[in-house]
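Structure first, commentary second.
Heads up: numbering here begins at 1 and tracks the sequence.
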Amino acid sequence: MVRRKRQRKDNQNEQDRISDLSDCLLLHILSVLNTKQAIQTSILSKRWINVWKNLPSLTLSCFDIRNIDLFQKTLKDAVSHNIKHLKLVVSTIECIPPYFSCLSLTSLNLKAFYGKMFHLAQPQIFPNSLCLPALTTLSLEYFAFRRSDDGYVEPFSTFNMLNTLTVRSCVVLGGQSLRISSTNLGNLTIHLYRGQPYKYFPGSTFGIELYHAPSLHTFVFTADDYIHKLYGSKSVFSSIKHVYFDVVCYCNLQRRNQSNILDLLVELANIESLTITSTTLMVLSNFPDVLKVKLPSLLNLKSLKVITHPVSRPTTIPNGMVHFLLQNSPLAKVDYIKYKKGLLFDDLLHR
């Protein structure tokens with residue numbers, strides 16, 4: 001009997017020893033758990049009830065918290081404790097409370113998930129009412145943009161601190177162009193694919209206007225089949241220094257789509273580094289008499305990186321296309337890089 005009491009007391013001491021740790025150490029323990037597990041620790045004791053709410057980074061998924069009211073409550077609890085990094089996977093935009101506001105949030109990764117019923121899905125509208133004054137990094141996937149009260153599709157202009165923006169497989173409703181306007185935006189990445197569920201949504205052939213982004217210096221653009229029209233002010237194009245192009249053609253592109261990428265190259269007057277895939281060069285080579293085109297741009301090009309894709313994509317670099325890009329900068333350094341999974345533009349930029 002005495003031994004059992006001693007063992008019970010020892011067990012209690014072990015439990016108390018963990019609970020007596022500082023908040024800093026408890027948060028470190030929670031940081032290695034997924035969000036659902038971290039939230040579940042709140043039932044351990046009174047000591048643990050609010051610990052998870054102080055995590056600086058949080059991932060909330062509609063798969064883990066299926067009740068919208070509970071999802072919103074969890075989100076509000078996190079916001080009330082000055083969360084900085086937030087990743088949300090939602091099946092409906094209603095998971096996010098109306099007029100969502102967070103003064104501390106600096107990074108938001110927002111993805112709409114449609115499950116297997118792509119053909120029945122409705123595009124989730126990205127809200128124009130988000131109040132995130134400290135936001136510096138924003139990543140969006142599978143969302144639709146619509147006109148605001150001023151008549152333009154300009155969803156990012158209110159994020160005054162935004163520095164890095166990634167738009168992946170999004171659409172624009174109403175036949176408008178997506179206007180990129182953000183004073184402090186330095187890094188812009190646009191991935192546009194016509195696969196599921198993207199191809200089921202109207203507005204997948206919208207234009208992209210680089211309207212007001214005077215600080216933009218890095219631009220990444222990838223697309224397949226349809227090459228969107230990209231245009232904007234000369235001041236924005238002149239500020240861009242580093243560019244990555246990856247265009248894949250699975251079907252025969254119309255001539256106007258081929259010219260979109262060429263028109264963009266003409267506008268890039270001051271870029272210093274260009275990373276381009278072999279498939280993009282193949283698309284460019286299909287433009288009539290492209291090798292006879294005199295580029296007024298690429299005068300300051302110092303580095304050209306050509307990425308060859310694996311067997312699943314064409315690997316041949318069309319004759320004359322590298323020389324075509326170097327016509328105004330013949331002394332630029334040229335690197336040929338074999339594509340591999342996980343190859344990031346940031347890695348290429350610093351090679």
| remark: Between His217 and Asn187 the two heavy atoms that sit nearest each other are CE1-OD1, 3.3 Å

| task | Verify, without hydrogens or angle tests, whether Asn260 (side chain) and Leu230 (backbone) share a donor-acceptor contact under 3.5 angstrom. | result | no

| What closest approach, in Å, do Leu130 and Thr158 show between heavy atoms, and which atom pair accounts for it? | O-OG1, 4.5 Å

| Is a donor on one side and an acceptor on the other found under 3.5 Å between the side chain of Thr279 and the backbone of Val247? | yes

| Could you walk me through whether Thr275 and Ile337 pass the side chain to side chain contact (heavy atoms under 4.5 Å, CB included) check? | CA-CA 10 Å; Thr275 302; Ile337 302 169; over 6 Å; no

| Nearest heavy-atom pair of Leu284 and Ile261: which atoms, and what distance? | CD2-CG2, 3.3 Å

| message | Within the 4.5 Å heavy-atom criterion, are Tyr336 and Val322 side-chain neighbours or not? | response | yes

| request: Could you tell me whether the side chain of Leu304 reaches within less than 4.5 Å of the side chain of Lys333, counting heavy atoms only? | output: no

| said: Using side chain to side chain contact (heavy atoms under 4.5 Å, CB included), reason through Phe143 and Val167 one step at a time and then give a plain yes or no. | reply: CA-CA 9 Å; Phe143 277 90; Val167 178; over 6 Å; no

| request: For Ser233, enumerate each residue passing the side-chain hydrogen bond (donor to acceptor under 3.5 Å, both in side chains) test, keeping only those at least two apart in sequence or located in another chain. | output: Ser235

| Taking the side chain from Asp289 and the backbone from Lys292, do they hold a donor-acceptor pair closer than 3.5 Å? | no

| task | Enter the distance from Thr166:OG1 to Leu188:CG here, rounded to the nearest 0.5 Å. | result | 8.0 Å

| For His323, side-chain hydrogen bond (donor to acceptor under 3.5 Å, both in side chains) partners two or more places apart | none

| Hydrophobic cluster membership, Met161 vs Leu86, 4.5 Å side-chain cutoff | no

| query | Val306 versus Asp335: any side-chain heavy-atom pair under 4.5 Å? | reply | no

| task | Can you sort out the partners of Lys234 under salt bridge (Lys or Arg N to Asp or Glu O under 4.0 Å), two or more places apart, ordered by chain and number? | result | Glu267

| Donor-acceptor pair, Ser273 side chain versus Ser303 backbone, under 3.5 Å? | no

| query | So which pairs with a foot in residues 155-176 pass ring-ring contact (aromatic ring centres under 6.0 Å, His included), sequence neighbours left out? | reply | Phe145-Phe156

| note | Contacts of Tyr231 meeting side-chain hydrogen bond (donor to acceptor under 3.5 Å, both in side chains) (sequence neighbours excluded), chain-then-number -> Ser177

| Test log, rule side chain to side chain contact (heavy atoms under 4.5 Å, CB included), inputs Val153 and Arg147 | CA-CA 4 Å; Val153 182; Arg147 287 183 295 179; 3.8 Å; yes

| message | Using the ring-ring contact (aromatic ring centres under 6.0 Å, His included) criterion, which residues pair with Phe221? Sequence neighbours excluded. | response | none

| Can you tell if the side chain of Pro155 reaches within under 4.5 Å of the side chain of Leu178, non-hydrogen atoms only? | yes

| field | Check against side chain to side chain contact (heavy atoms under 4.5 Å, CB included), Tyr142 and Ser169 | value | CA-CA 5 Å; Tyr142 294 139; Ser169 296; 3.3 Å; yes

| query | Considering only heavy atoms from C-beta outward, does the side chain of Gln327 approach that of Leu298 to under 4.5 Å? | reply | no

| task | Indicate yes or no: at least one non-hydrogen side-chain atom of Phe324 is less than 4.5 angstrom from one of Val293. | result | yes

Scan the side chains in residues 98-108 for donor-acceptor partners under 3.5 Å anywhere in the protein, sequence neighbours excluded, and list what turns up.
| from | atom 1 | to | atom 2 | distance (Å) |
| --- | --- | --- | --- | --- |
| Ser104 | OG | Ile83 | N | 3.3 |
| Ser104 | OG | Ile83 | O | 2.6 |
| Thr106 | OG1 | Lys84 | O | 3.1 |

| note | Output for pair (Thr280 OG1, Asp246 CG), nearest 0.5 Å, gives 5.0 Å

| remark: By side-chain hydrogen bond (donor to acceptor under 3.5 Å, both in side chains), Asn128 pairs with (sequence neighbours left out) none

| message | Using every non-hydrogen atom in the two residues, find where Asn328 and Pro296 come nearest and quote the distance to one decimal. | response | ND2-C, 4.1 Å

| request: Could you list the residues that satisfy salt bridge (Lys or Arg N to Asp or Glu O under 4.0 Å) with Arg179, not counting sequence neighbours? | output: Glu154, Glu209

| Gap between atom CD1 of Ile180 and atom OH of Tyr211 - 0.5 Å precision | 13.5 Å

| task | Could you tell me whether Lys73 and Asp77 make a salt bridge, using a distance below 4.0 angstrom between a side-chain N and a carboxylate O? | result | yes

| message | With clusters defined by side-chain heavy atoms of hydrophobic residues (ILVMFWY) lying less than 4.5 Å apart, directly or transitively, does Tyr152 cluster with Leu165? | response | no

| said: Do Leu281 and Leu325 have side chains that approach each other closer than 4.5 Å (heavy atoms only, starting at C-beta)? | reply: yes

| message | Are the side chains of Val243 and Leu264 in contact, using a 4.5 Å heavy-atom criterion? | response | no

| message | Under the rule for side-chain contact (heavy atoms from CB on, under 4.5 Å), what residues qualify as partners of Cys95, not counting sequence neighbours? | response | Ile68, Phe71, Val90, Thr92

| field | Spacing of CZ belonging to Arg168 relative to CG belonging to Leu192, to within rounding of 0.5 Å | value | 10.0 Å

| Shortest non-hydrogen contact from Ser215 toward Thr183 | OG-O, 3.1 Å

| query | Listed by chain and number, what are the salt bridge (Lys or Arg N to Asp or Glu O under 4.0 Å) partners of Lys111, not counting sequence neighbours? | reply | none

| said: Quick check for you: to the nearest 0.5 Å, what is the distance between Asn163 atom CG and Leu185 atom CG? | reply: 7.0 Å

| Separation of Ile276 CD1 from Tyr244 OH (nearest 0.5 Å) | 10.0 Å

| If you look only at pairs with a residue in residues 99-109, which of them pass as a salt bridge (charged side-chain N to carboxylate O under 4.0 Å, His left out), with sequence neighbours excluded? | none

| field | Asn184-Asn160 side chain donor-acceptor pair, cut-off 3.5 Å | value | no

| query | Do you see a donor-acceptor pair shorter than 3.5 Å between the side chains of His242 and Thr218? | reply | no

